[in-house]
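Note sheet for the following structure.
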Amino acid sequence: MAGNVDALFIFLLIVTGMVALLIFVCLLFFAARYRQRAHVHAEQIEGSTPLELTWSIIPLFVFLAIFAWGAVIYFKERTPPRDAAEVYVVAKQWMWKLEHAEGQREINELHIPVGRDVKLIMTSQDVIHSFYVPAFRIKQDVLPGRYTTAWFRATKPGIYHLFCAEYCGTQHSGMIGSIVVLEPAQYEAWMSGGSTGPLSVTGEKVFAELGCVTCHRSDAQGRGPNLQGVFGKPVLLQDGRTLVADENYIRESILDPGAKIVNGYKPVMPTFQGLLSEEQLNALVAYVKSLSGAKPGDGSGKANADAAAAQGSQVNE
Amino acid sequence: MSDSQTTAVQAAAHGHDPALLHHFAEPQQQRDAASLGMWWFLATEVMFFGGLFCAYLIYRLQHFNDFAAASQSLSIKLGAINTAVLIGSSLTVVLAVNAAQRAKRNLLVAYLLLTLVLGSTFLGIKAVEYTDKFKEHHVPGPTFHFVPERMEGHPEQPPIDQRHAEMFFSLYFVMTGLHALHMIVGIGIFVWLLVMAWKGRFTPSYNTPVEIGGLYWHFVDVVWIYLFPLLYLISRHR
Amino acid sequence: MSEHGTSIGFYVMIFLILLVLTGVTVSAAFINLGPLNPILALGIATTKALLVVLFFMHVKGASEKLVKLVVLSAVFFLLILLGLTLSDYATRLWS
Amino acid sequence: MAMPNGPQGERENYLNKEYGVGSWLLTTDHKRIALLYLMSITFFFFIGGFFALLIRLELLTPAGDLVQADTYNKLFTMHGMVMVFFFLIPSIPAVLGNFLVPMMIGAKDLAFPRINLLSWYLYIIGGVMMLHCMLTGGVDTGWTFYTPYSTAFTNTKIVEAGLAIFVAGFSSILTGLNFVVTIHRMRAPGMTWSRLPLFIWAHYATSIIQLLGTPVVAITIVLVAAERTLHLGIFDPKLGGDPLLFQHLFWFYSHPAVYIMILPSMGIVSEIIACFSRKRIFGYNFVALSSIAIAVFGFLVWAHHLFVAGISIYAAFVFSLLSYAVAVPSAVKTFNWTATLYKGSIRYDAPMLYAFGFIGLFMMGGLTGLFLSALGIDVHVTDTYFVVAHFHYIMVGGAVMGYLGGMHFWWPKISGRLYPEGWARLAALIVFIGFHLTFFPQFVLGYLGMPRRYYDYSHMPEFQVLNVLSTAGATILGVGYLLPMIYFLWSMRYGKPAPDNPWNAAGLEWKSASPPPTFNFDVEPVVTWEAYNYEELDAPHPQEAPVVR
Ligand code: HEA
Ligand code: HEA
Ligand code: CUA
Ligand SMILES: [Cu+2]
């Protein structure tokens, strides 16, 4: 990603630099050539429509090109690859709480293996923050009350700055941390310590404790829909709309079940608004996602990391 | 006020045709300026309410069920009556402008009075509605509590997210409150117009205040014309 | 300022139409028309607003285009505000 | 502000017609109101500049050692709010616009003189509220008021600051209202739309934004205040709201507002360039209409401030694309100014130097705007010093340069005195150099990743060098801004009396005396020439007006 952004940036520097140069040169040349002299009068020129059109239309096309290029990069930045390792991020004044799908928890530090796509599923406990890693050229605001996502792939081991980029109060400038990019072997060593078990397993426990299982059963007998394979698939709603179940949809289904009713079911699910911490919610979401099969978080992360490392890391930073 | 300046009011006090303000060339120019000024001001007002309409639009689409349920608790009867009252007042206003143009002083006074009566009626009914909401604990705040009325034939309404119902009432109060504030300002203007009319200040050649005061009143009416269906008439068929 | 449409009867007629439209919009709200309900309600509201603006506020007979331009630009920028904001919310679930 | 008493028999003008505080505080003369505004916005500029200096001092070292974190947060918040709402938005329209709009179109006054005075009082009320707010604790949200921080978390004086801006906003609306009506209704006979000075076109476009944009931010502030005090759930997600909606509503105004700040400056620059190259502006129609186009397109791009805020990617595409649309009319203007110089007869008095400075700095600011509206790049540089540099280039480099240029250009008309030309050129140079030194390093800082609104960067000491440069520049810049202030004041007493038309300029305002009489013109003007008839003016004829240098 970094490479793409820099390429566009350099392209823009060149294009705008050339335009600026052109104008500066004209300005200075005219300024010198046509300075006031005795008995020489300015030549009145009305204007020229062809010229006006030229210098509106050419910039317009240049702009369109810049737009298109920028949009392509953005689209990539905003669509995480499907098999990325997942990290749940909870921001609060003034710290980052990160939890790997495998269950490791960290504060203000994120360890990741080199060459592996990492997807961040982020929410905030209080105000808006913004997850910013300049070296990876990624930034995404982290909002209370919903998920936002971002992704990146680190291509060189090292320690990188993590900043909070959205002003969030007194210690905004202290809400910083680091991304520690490790070689696969080191990473594995790091991973082996301190896990409380995969997030989806925690989620499964919560699912049972809160009684979700009473309605959402793995057969078709429950009062609620069977959640197997729901995530990532289109859901037909009672009002006729169809939408793809993403993290935000799962989240909303738990917190405000009345908002979108699944077709064919009665709106009997109670709201869990105010009953769950962000961490529990994340675990539930991770669990529901794990029901949709080959997702990371069931421990396959390590394997993938190895595979990626085996491919060798392309350096694009 | 610098002494070089003669205001319309002072000029009128001298008993002759209200003087032209010093910086205008002719009365027509002064009239056109005033009316254009009012129109642009109303455009500003459109955007002022526009921000609220925007918030309302977004939330109503996002939380349709909750908004619909909350809307059921508003009284259509009172809302409709108020709509009629306000439309009626628009009629009396336009008749007042007409009377002013034709120099019918008594008629003008009568219409202005009628407008004031109708405007006050509107506010009175609004006050009744507010009181009802207050009694029902539908006013946002710590005491807020909302139980949706279950409509017949639809035993299974989706559960209501209290926060979104509360949000509906927040918007309801802000929007109707701001509208009512405009009504109160309008009533102030019309009381002033009434006094002026009573004193016979308006002539066929000088009635701009009635005219632009009227524009303002109609605008407030138009806002209500949208508020009524938006707030009161969501999915009544349930 | 306008020259035509100034008869009292005309104003009363507009008033009556407005009343009838109010009645229609109330009763329409009780019939299930699906997604047409809000469209109808807003359509009627717009008709009413137009009647008030055109005839009570005399935009119809205004001697100048300018006033119409002011009204149109207010409506235009209002629609920009609503429309472009909506364009965000309406497409959030697309991806 | 009393002018020195001229020699006996000095002709009556708007300054010496009446004396005494009352004659100023109750005046409805647009020229006197312009001076009232001049004093008030200058006051707020120095307040805002003072905060800027403290910001720069704090950033001199990486550690947060000069002030506390909370204090710093208040500093940049108050700096932004004061500079935007109490300095730059009112600056050119309320001072030069107020003074010149009626004069340029040949009117005796604005259409609603009392509303004009009211608008100044509203500004003062808002300003006093802002000062009171600052003195009793201030606000720490950033000038953008983002929710839910502003509604539910900070314990600073949001409501008071909000109301101050609300009141100042109405002052701005009333100024715009007055201009639009004046331009439509008060033009002198013969002053057709195609004869209007470009300054007027720019102010017309500005006024439209003020009229249609400001009310939206006003109502948004009301909602924030309501949410904060009454706990109405509107933007706070805990209460079921959506904080992004606030951002939409805020930027619906605040993006167009940046054009409120730049358009009048563009108007000034058009006047200056025409006058000092003795030429009709190249492509008058395009320059005039591009002002309107900027105003209209300016309303379509606001969500480019929200690219990483969590909006839909499709909306981001639309807003990015539209942002480029608004750059086209700006490009047209830039090219036309340049082309105007071609085959001109150019002089380099101070106003022209400022105009050159404007073009250069505005262009650099504008071109970096293109970086920001490129989606992929904005993700990286948003909320970093890159953005800070971008907008200072346009607002300080562009708008303030233009404003100073205009002040120099019309100072003889306003005060009836000439300013010292040498000092003025020096000041222009100092501002130009100081400016680059202050803000160019910030582009680099931004791309390296330094986030804005950081008071402490001790974990990133690598950023220090560039910050030191920036602070040094700010000091120079401060000197550059103090100079004009000093010599303008000096010239009011000691400056040479100005002739009626020291620049031999074409505008109608120069046909009046310097300083003008109360109703601007002794004889009601009838316009028979185009805005920039320099050809006729410069045609050799017996008594050419003396060119003053
Ligand atoms: C007077 C003020 C002003 C002006 C005029 C502008 C003008 C522009 N601005 Fe700027 N902007 C601000 C003030 C201003 N801005 C402020 C205050 C902020 C930050 C607010 C905050 O967050 O606190 C901001 C932030 C900002 C952002 C958001 C950044 C972020 O937070 O992520 C963006 C993104 O698109 C942007 C874009 C633009 C563009 C495209 C223009 C265009 O209008 C520029 C057009 C001009 C030109 C392009 C130059 C001349 C053209 C040529 C010479 C043409 C030839 C060129 C080619 C052919 C390449 N601005
Ligand atoms: C018109 C608008 C305007 C103007 C003119 C300026 C002028 C300046 N600004 Fe600012 N600025 C903003 C609008 C403006 N700014 C905005 C909107 C923000 C964003 C706020 C936010 O994040 O919410 C910002 C933020 C901002 C920051 C970023 C803070 C941060 O993110 O942490 C910085 C940092 O360098 C800065 C610096 C400066 C400097 C050095 C000047 C200089 O040009 C100032 C020069 C003037 C002087 C130096 C005054 C001279 C006076 C004296 C020397 C006398 C001394 C005073 C007394 C005795 C009382 N500004
Ligand atoms: Cu968290 Cu800034
Ligand atoms: Cu912008």
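Just so it is clear: chains get the letters A, B, ... in the order the sequence lines come, proteins before strands, and each one is counted from 1. Computation of the quantities below employed the complete heavy-atom set of this structure, encompassing side-chain atoms and omitting hydrogens, waters and symmetry-equivalent molecules.
- Here the side chain of A:Lys139 pairs a donor or acceptor atom with the backbone of D:Thr382 at under 3.5 angstrom.
- In terms of heavy atoms, D:Pro148 sits closest to A:Ile128 at CD-CG1, 4.0 Å.
- Chain A forms more heavy-atom pairs under 4.5 Å with one residue of D:Asp70, D:Thr147, D:Val379, D:Leu367 than with any other, namely D:Val379.
- Within the 4.5 angstrom heavy-atom criterion, atoms from both the backbone and the side chain of A:Cys164 approach chain D.
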(message) Go through it in stages, so that I can follow the logic: the residues are D:Ile346 and A:Gln36, the test is side-chain contact (heavy atoms from CB on, under 4.5 Å), and I'd like the CA-CA distance, side-chain angles, deciding distance and then a yes or no.
(response) CA-CA 5 Å; D:Ile346 307 169; A:Gln36 192 178 45; 5.9 Å; no
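- The local environment of CD in D:Glu535 is sparse, with at most 12 non-hydrogen atoms from other residues, nucleotides or ligands closer than 6.0 Å.
- Between A:Gly169 and D:Tyr149, the shortest heavy-atom distance links the atoms CA-OH, 3.2 Å.
- By the 4.5 Å heavy-atom criterion applied to side chains, D:Leu341 and A:Tyr34 are not counted as neighbours.
- If you take CG on D:Leu321 and CG on A:Leu64, they are separated by 6.5 Å, rounding to the nearest 0.5 Å.
- Looking at A:Arg33, there are no atoms closer than 4.5 Å to chain D (heavy atoms on both sides), in backbone or side chain.
- A tilted orientation is assigned to the rings of A:Phe163 and D:Phe463, their planes being inclined by 30° to 60°.
- Listed options A:Gly17, A:Ala20, A:Gly145 were ranked by heavy-atom pairs under 4.5 angstrom with chain D; first place goes to A:Ala20.
- Remark: D:Trp337 CH2 to A:Leu27 CG distance equals 11.0 Å, nearest 0.5 Å.
- Heavy atoms of D:Tyr447 lying under 4.5 Å from chain A belong exclusively to its side chain.
- With a 4.5 Å cut-off on side-chain heavy atoms, A:Tyr132 and D:His380 count as touching.
- In terms of heavy-atom pairs under 4.5 Å with chain D, the best-connected choice from A:Thr148, A:Ile45, A:Ile66 is A:Ile45.
- For A:Ile57, no part lies under 4.5 angstrom from a heavy atom of chain D.
- Side-chain contact check for A:Ile73 versus D:Leu375: every heavy-atom pair is 4.5 Å or farther apart.
- Looking at A:His172 and D:Tyr455, their side chains never come closer than 4.5 Å, going by heavy atoms from C-beta outward.
- To the nearest 0.5 Å, the span separating OH on D:Tyr314 from CZ on A:Phe75 amounts to 5.0 Å.
- For a residue to count as touching a neighbouring chain, one of its non-hydrogen atoms must lie under 4.5 Å from one of that chain's; by this rule D:Val381 touches chain A with the backbone only.
- The two residues A:Phe63 and D:Leu370 make their nearest non-hydrogen contact at CE2-CD1, 3.5 Å.
- Of the listed residues (D:Thr334, D:Thr340, D:Thr141, D:Thr154), the greatest number of heavy-atom pairs within a distance under 4.5 Å of chain A belongs to D:Thr141.
- Looking at D:Phe335 and A:Cys26, their side chains never come closer than 4.5 Å, going by heavy atoms from C-beta outward.
- Side chains of A:Leu8 and D:Phe371 form no contact here, defined as non-hydrogen atoms less than 4.5 Å apart.
- When heavy atoms are compared at a cutoff of 4.5 Å, D:Ile359 approaches chain A solely by way of its side chain, counted from C-beta outward.
- With a threshold of 4.5 angstrom between heavy atoms, A:Ala32 approaches chain D through N, CA, C or O but not through any side-chain atom.
- Contact annotation for A:Leu143: only side-chain heavy atoms (C-beta onward) come within less than 4.5 Å of a heavy atom of chain D.
- Of all the listed residues (D:Gly64, D:Ser373, D:Gly240, D:Ser320), the one sharing the greatest number of non-hydrogen pairs under 4.5 Å with chain A is D:Ser320.
- Residues D:Leu244 and A:Arg146 have side chains in contact (heavy-atom distance under 4.5 Å, counting atoms from C-beta outward).
- When every heavy atom of A:Asp141 is checked against every heavy atom of D:Ala309, the shortest pair comes out as OD2-CA, 3.4 Å.
- Under a cut-off of 6.0 angstrom, the local environment of OH in D:Tyr342 is sparse, with at most 12 non-hydrogen atoms contributed by other residues, nucleotides or ligands.
- Smallest separation of non-hydrogen atoms from A:Arg37 and D:Ser345: N-OG, 4.4 Å.
- With a threshold of 4.5 angstrom between heavy atoms, D:Phe76 approaches chain A through side-chain atoms but not through N, CA, C or O.
- Contact of A:Gln273 with chain D is not made at all, since no heavy-atom distance falls under 4.5 Å.
- Proximity to chain D is limited to the side chain of A:Leu51, based on heavy atoms less than 4.5 angstrom apart.
- In terms of modelled atom types and a separation under 3.5 Å, the side chain of A:Tyr74 and the main chain of D:Phe307 share a donor-acceptor contact.
- In this structure, CD1 in D:Ile377 is found 11.0 Å from CG in A:Asn4, a value given to the nearest 0.5 Å.
- In terms of heavy-atom proximity, A:Phe24 sits nearest to D:Gly360 at CE2-CA, 3.7 Å.
- For D:Glu462, the CD atom sits in a packed shell: over 12 heavy atoms of surrounding residues, nucleotides or ligands are nearer than 6.0 Å.
- For the options A:Val62, A:Val142, A:Ile176, heavy-atom pairs under 4.5 Å to chain D are most numerous at A:Ile176.
- For A:Tyr167 and D:Tyr146, the ring centers are positioned 6.0 Å apart or more.
- Of the listed residues A:Gln171, A:Glu52, A:Gln93, the one with more heavy-atom pairs under 4.5 angstrom with chain D than any other is A:Glu52.
- Within a 6.0 Å radius of CG in A:Leu275, more than 12 heavy atoms belonging to other residues, nucleotides or ligands are found.
- Taking 4.5 Å as the limit, some side-chain heavy atom of D:Phe153 sits within range of a side-chain heavy atom of A:Asp126.
- When heavy atoms are compared at a cutoff of 4.5 Å, D:Phe356 approaches chain A solely by way of its side chain, counted from C-beta outward.
- If you measure heavy-atom distances from A:Pro59 to chain D, the contacts under 4.5 Å come from the side chain alone.
- Ranking A:Ala31, A:Ala68, A:Ser48, A:Cys168 against chain D, the residue ahead of the rest is A:Ala31, based on heavy-atom pairs under 4.5 Å.
- Within the model, atoms CE of D:Met450 and OG of A:Ser173 stand 9.0 Å from one another, a figure rounded to the nearest 0.5 Å.
- Only the side chain of A:His161 comes within contact range of chain D, with heavy atoms under 4.5 Å apart.
- For D:Asn336, the parts sitting under 4.5 Å from any heavy atom of chain A are the backbone and the side chain alike.
- Only the backbone of D:Ser277 comes within less than 4.5 Å of a heavy atom of chain A; no side-chain atom from C-beta onward does.
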